[in-house]
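Beneath this line is the structure, given in structure tokens, with notes to follow.
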Amino acid sequence: MNKKSLLITVCLLCCGFLTQAQWIKYRFETARMGSPFRIIVSCQDSVGLSQTIQKAQALAENLEMQLSDYQANSDLSQVNHRAGTGQFYTIQEPFRAILKESLLAYRQSGGDLNIFIGRLVAAWRIARKTQLMPEQELLQKWVKALQSPCLEFNADSSAIRLLNSACQLDVGSIGKGFVAQRVLDYLVKSGYPYALVDAGGKVSASQVNPQGDAWKVGLELPNSKKVSTDFLEIKHQSIASSGKTYQQVEIAGKNYSHVLDPQTGIGLEHARSATAIAPDGARADWIATAATIMELEELKVMLQRFPQVQVLVWEYQRGKLEILLNHGILKVE
């Protein structure tokens, strides 16, 4: 296995699940947000399941149409297009909810998790294709703009506007986890309480069966037998990973991550990656990203405010994998 890869796989190894023959697992897969989108449901009676899955996938599509920066007609793109014009744009409840969590992330991370870095993200997407550094003057201009407030709600919070054209929304650090959680919540409310949703590696799960068995997730860190032989159990939780291992570019002999430091506008140069487990998909997603940006001591302080969150941070140094922080994920013997 390539040492720069990390794999989160869902393994249906729960004994209670396999011995209960009447509980059958049904798998469904499509593509959403540029990644595989998988749903696993455990049930005894599949009558009506297909229709429910179609509605769940339609929900994921609707959320993508609200939150995608790749689709020109999405609500997020429409907000970005009006940035700096003074125009408000009406948004729906899911958009407001992800903004609320994103603003919390900004405050709790000391600004290291910032969803208004869309200009920076776009510049680095081009850099990964051309293998040329983005123009430094532009990066600094956008970074400076991020020091001022970017977002304003109207009187009843039904509409928003971006105050500066340099501020552009990008929810890549939280969006997939948010969608996974929303789809899982829909399945549970629709009468399928034993389910798992995997949105491009951002996983939200309830429980496997009525006996309360947890889903077992294999977290494989290359060159680390201790970690790769462990299985993480999640029940009514979400898990997400982030880091340089996923997308990076080499420019002038330096490797830059797709994860950006909003304080500098530069892709992270260290090889740090992180996994977070949280009660909510959006929170697991943004905390995993923040854990790759924040100073470790600051991260430890932040995690004290989230007692239900577990985090693992690791990094390759001189070709060897080093665990930098194990906050409740790995068993310590």
What's the shortest heavy-atom distance between [X] and [Y], and which atoms?
X	Y	result
S109	A290	CB-CB, 4.5 Å
L321	W314	CD1-CD1, 3.7 Å
Q310	G328	OE1-O, 2.8 Å
F153	L151	CE1-CD2, 3.7 Å
R182	A97	NH2-CB, 3.3 Å
V311	V309	CG2-CG1, 3.9 Å

Between [atom1] on residue [X] and [atom2] on residue [Y], distance to nearest 0.5 Å:
X	Y	atom1	atom2	answer
E64	R32	CD	CZ	4.5 Å
K176	S35	NZ	OG	2.5 Å
I239	S241	CD1	OG	6.0 Å
L299	I293	CG	CD1	11.0 Å
E101	I98	CD	CD1	9.0 Å
C150	I160	SG	CD1	11.5 Å

Next on the checklist: Does the plane of the ring in W286 sit parallel, tilted or perpendicular to the ring in F306? Use 30° and 60° as the thresholds.
Outcome noted: perpendicular

Flag yes if [X] and [Y] sit in one hydrophobic cluster, no otherwise; membership is Ile, Leu, Val, Met, Phe, Trp, Tyr, and two members link when side-chain heavy atoms are under 4.5 Å apart.
X	Y	result
L162	F88	no
L113	V301	no
Y106	L67	no
L163	W142	no
V188	L63	yes

For the residue pair [X] and [Y], establish whether any side-chain heavy-atom pair is separated by less than 4.5 Å.
X	Y	answer
Y194	W23	yes
Q87	R161	no
R128	Q131	no
L132	I251	no
I39	Y26	no
S68	M33	no
V79	L76	no
L260	W124	yes

Next on the checklist: With a sphere of 6.0 Å drawn around CD of Q308, does it hold more than 12 non-hydrogen atoms of other residues, nucleotides or ligands?
Outcome noted: no

Without swapping roles, check the side chain of [X] against the backbone of [Y] for a donor-acceptor pair under 3.5 Å.
X	Y	answer
Q57	K55	no
Q181	G281	yes
S206	A195	yes
Q147	V143	yes
N80	L169	yes
R119	S165	yes
H270	T292	yes
S77	N73	no
N62	Q66	no
D261	G265	no

Between the side chains of [X] and [Y], does any donor sit under 3.5 Å from an acceptor?
X	Y	value
R305	Q108	yes
H236	Q207	yes
Q78	R82	yes
T289	S173	no
D156	N154	yes
W215	E233	no

Item to check | Worked check of side-chain contact (heavy atoms from CB on, under 4.5 Å) between V197 and V203 | outcome: CA-CA 6 Å; V197 180; V203 176; over 6 Å; no

Next on the checklist: Taking R96 first and then E93, would you say they form a salt bridge - that is, a charged N and a carboxylate O separated by under 4.0 Å?
Outcome noted: no

Checklist entry - Is any NZ, NE, NH1 or NH2 atom of the basic residue among E322 and R272 found under 4.0 Å from an Asp or Glu carboxylate oxygen of the other? => result no

Item to check | Under the salt bridge (charged side-chain N to carboxylate O under 4.0 Å, His left out) test, residues paired with R125 that sit two or more places apart | outcome: D69, D170

Checklist entry - Would L187 and T52 satisfy side-chain contact (heavy atoms from CB on, under 4.5 Å), going step by step from the backbone distance to the final call? => result CA-CA 7 Å; L187 291 170; T52 299; 4.0 Å; yes

Next on the checklist: Does L49 form a side-chain contact (heavy atoms from CB on, under 4.5 Å) with C43? I'd like the steps, not just the answer.
Outcome noted: CA-CA 9 Å; L49 177 59; C43 62; 4.1 Å; yes

Item to check | Steps toward side-chain contact (heavy atoms from CB on, under 4.5 Å) verdict (M294, M302) | outcome: CA-CA 10 Å; M294 299 177 68; M302 186 191 78; 3.9 Å; yes

